[in-house]
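Working notes for the structure below.
Just so you know, residue 1 is the first one in the sequence shown, and it goes up from there. Fair warning: this is a prediction, and the values are worked out from it, not measured in the lab.
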Amino acid sequence: MKRLLITALICAGAIAVRAQDTKTDSVKRAADTTRHYDDNDHWDDDNSIHWRHHHHTNDYPRGYIGITFSRFDLGLATLIDNGSFTLSPKNQFLDYRSWKTSNVGFDVFQMGVKVNKNFKIYLSGGFDWTLIRLRQDITILPNQPVLTYRQDTIHFSKNRFSSSYLRIPLSFDLHTDENRWGNRFHFVFGPDAGLLLNGRVKQISVENGKQKIDDDYHFAKVRYGGFVRIGYAGWGVFAKYYVNDMFENSPDQAGLKNFSFGLTFGF
């Protein structure tokens with residue numbers, strides 16, 4: 001995960017530089033002439049390279065599709081147990097370290113329609129991780145009929161219980177005109193669906209060293225909810241809430257849901 005974060009941050013920085021250079025070039029062209037121009041590799045304010053050719057950049061509505069590296073989320077994840085931020089007795093084994101339980105995600109593909117200069121709708125695809133740092137020295141067991149754990153006699157310096165999803169959000173992006181510095185304010189919201197890729201237990205101890213065990217751990221195969229992002233220029237804040245349960249076919253975890261919030265980069 002550390003390598004992934006470093007790679008993601010490097011890519012985000014490179015794209016930000018590329019987008020800034022492109023925006024500067026666009027400003028220069030606007031100063032030189034008022035003619036419309038064609039640009040097969042047009043970069044929009046969402047930092048994605050588009051594959052569709054447009055005859056005039058001011059024609060609306062216009063569609064686009066392409067690869068991207070944007071909406072990089074880095075924040076904290078919180079478990080909500082039947083409406084409470086306090087875990088019920090039957091879920092106390094999932095007691096976690098709040099400041100080390102995180103959510104990470106980003107988009108790599110998108111397609112949509114720019115309805116006008118201040119509103120666009122797009123469907124995107126990317127990856128999303130929820131990383132729960134457990135407090136107790138337990139092991140969540142794989143291949144069990146319900147979510148099951150074992151109390152261990154050894155101490156884990158790291159005991160992480162995580163899930164990874166393919167995320168598919170539908171975004172409604174309201175944004176202002178560019179200001180004199182070429183930046184905008186964004187308000188983005190919409191539904192978010194996810195398809196489970198895998199679950200994982202990662203443990204580090206003196207006795208056993210580093211261990212990783214993959215299984216679905218009864219994480220919901222499909223999750224759905226909503227999100228909101230508010231930001232300026234290339235960064236802002238986000239919140240995501242999934243309305244269905246985190247786990248399925250595990251009655252004791254009924255009503256346990258996932259909420260996350262934090263910083264987002266790359267609008």
message = Distance alone, cut at 3.5 Å: any donor-acceptor contact between the side chains of N208 and Q203?
response = no
task = Verify, without hydrogens or angle tests, whether Q144 (side chain) and P142 (backbone) share a donor-acceptor contact under 3.5 angstrom.
result = yes
query = Any side-chain heavy-atom pair from D173 and F187 closer than 4.5 angstrom?
reply = no
query = Just by distance, do the side chain of Q253 and the backbone of E248 share a donor-acceptor pair under 3.5 Å?
reply = no
task = Using a 4.5 Å cut-off on heavy atoms from C-beta on, say whether the side chain of L147 contacts that of I140.
result = yes
key: Q211 side chain to S205 backbone, donor-acceptor under 3.5 Å   = no
request  = Quick one: pull up CG in N183 and CD in E178 and give me the separation to the nearest 0.5 Å.
outcome  = 7.5 Å
inquiry  = Strictly below 4.0 Å, N to O, side chains only: are D177 and K117 in salt-bridge contact?
reply    = yes
inquiry  = Please report the interatomic distance CD(Q92) to CZ(R135), rounded to the nearest 0.5 Å.
reply    = 10.5 Å
request  = Give a yes or no on this: more than 12 heavy atoms of other residues, nucleotides or ligands lie within 6.0 Å of atom NZ of K90.
outcome  = yes
request  = Ignoring hydrogens and angles, tell me if any N or O in the side chain of T148 forms a donor-acceptor pair with the backbone of V146 under 3.5 Å.
outcome  = yes
task = For L94 and L256, run side chain to side chain contact (heavy atoms under 4.5 Å, CB included): C-alpha distance rounded to whole Å, both residues' side-chain angles, the deciding distance at 0.1 Å, then the answer.
result = CA-CA 11 Å; L94 291 173; L256 191 63; 3.7 Å; yes
ask   = For L197 and F127, what are the C-alpha separation, side-chain angles and deciding distance, and is it a side chain to side chain contact (heavy atoms under 4.5 Å, CB included)?
value = CA-CA 9 Å; L197 297 176; F127 302 96; 3.8 Å; yes
request  = Measure the CG-OG distance between D73 and S260 for me, rounded to the nearest 0.5 Å.
outcome  = 7.5 Å
Pairwise distance CZ(F109) to OG1(T68) - rounded to 0.5 angstrom = 10.5 Å
inquiry  = What I want to find out is whether K240 reaches D128 closely enough, with some N-O distance under 4.0 Å, to be called a salt bridge.
reply    = yes
query = Is there a donor-acceptor contact under 3.5 Å linking the side chains of S88 and D81?
reply = yes
query = Quick one: which of R71, H175, R229 gives a side chain to side chain contact (heavy atoms under 4.5 Å, CB included) with F267?
reply = R229
Residue pair R160 / L134, side-chain heavy-atom distance below 4.5 Å = no
request  = Can you label the angle between the Y122 ring and the Y64 ring as parallel, tilted or perpendicular, going by 30° and 60°?
outcome  = tilted
message = Among residues at least two apart in sequence or on other chains, which ones pass salt bridge (Lys or Arg N to Asp or Glu O under 4.0 Å) with R133?
response = none
request  = Identify, with sequence neighbours excluded, every residue that meets side-chain hydrogen bond (donor to acceptor under 3.5 Å, both in side chains) alongside N82.
outcome  = none
request  = Indicate yes or no: at least one non-hydrogen side-chain atom of F72 is less than 4.5 angstrom from one of V104.
outcome  = yes
note = dist L79:CG -> M246:CE (nearest 0.5 Å) comes out at 5.0 Å
request  = Could you tell me whether R223 sits above the aromatic face of Y165, with NZ or CZ closer than 6.0 angstrom to the six-membered ring centre and within 45 degrees of the axis?
outcome  = yes
task = Without swapping roles, check the side chain of T264 against the backbone of G236 for a donor-acceptor pair under 3.5 Å.
result = no
Contacts of F161 that satisfy ring-ring contact (aromatic ring centres under 6.0 Å, His included) - sequence neighbours left out = Y217, F219
query = So, does N103 use its side chain to make a donor-acceptor pair with the main chain of W129 at under 3.5 Å?
reply = yes
ask   = Passes side chain to side chain contact (heavy atoms under 4.5 Å, CB included), R184 versus N179? Steps please.
value = CA-CA 7 Å; R184 308 173 187 263; N179 59 21; over 6 Å; no
inquiry  = If we ignore hydrogens and angles and just use 3.5 Å, is the side chain of Q151 paired with the main-chain N or O of D137 as donor and acceptor?
reply    = yes
query = Is it the case that more than 12 heavy atoms not belonging to F172 sit under 6.0 Å from its CZ atom?
reply = yes
query = Okay, side chain of D216, backbone of H218: is any donor-acceptor separation there less than 3.5 Å?
reply = yes
ask   = Does D215 offer a backbone N or O that forms a donor-acceptor pair with the side chain of N198 under 3.5 Å?
value = no
task = State which residues pass side chain to side chain contact (heavy atoms under 4.5 Å, CB included) with S102; sequence neighbours excluded, sorted by chain then number.
result = L131
message = For K257, is there an ion pair with D245 - N to carboxylate O distance below 4.0 angstrom?
response = yes
query = Who else is in the cluster with F259 when I, L, V, M, F, W and Y are joined by side-chain contacts under 4.5 Å?
reply = L76, I80, F85, W99, Y224, Y241, V243, F261
query = After noting the C-alpha distance and the side-chain angles of L195 and K221, does the key distance pass the side chain to side chain contact (heavy atoms under 4.5 Å, CB included) rule?
reply = CA-CA 6 Å; L195 303 177; K221 298 293 190 301; over 6 Å; no
query = What's the verdict on ring pair (Phe, Tyr, Trp, His ring centres under 6.0 Å) for F69 and F106, showing C-alpha distance, side-chain angles and the deciding distance?
reply = CA-CA 7 Å; F69 185 88; F106 55 86; 4.9 Å; yes
message = Just verifying a value: how many Å separate N244 CG and N258 CG, rounded to the nearest 0.5 Å?
response = 10.0 Å
query = Between N118 (side chain) and L174 (backbone), is there a donor-acceptor pair under 3.5 Å?
reply = no
query = Is the closest side-chain heavy-atom distance between I121 and F119 below 4.5 Å?
reply = yes
key: ILVMFWY network linking F238 to V228, side-chain heavy atoms under 4.5 angstrom   = no
key: Between T139 and D152: side-chain donor-acceptor atoms closer than 3.5 Å   = yes
task = Just jot down the salt bridge (Lys or Arg N to Asp or Glu O under 4.0 Å) partners of R97, sequence neighbours excluded, or say none.
result = none
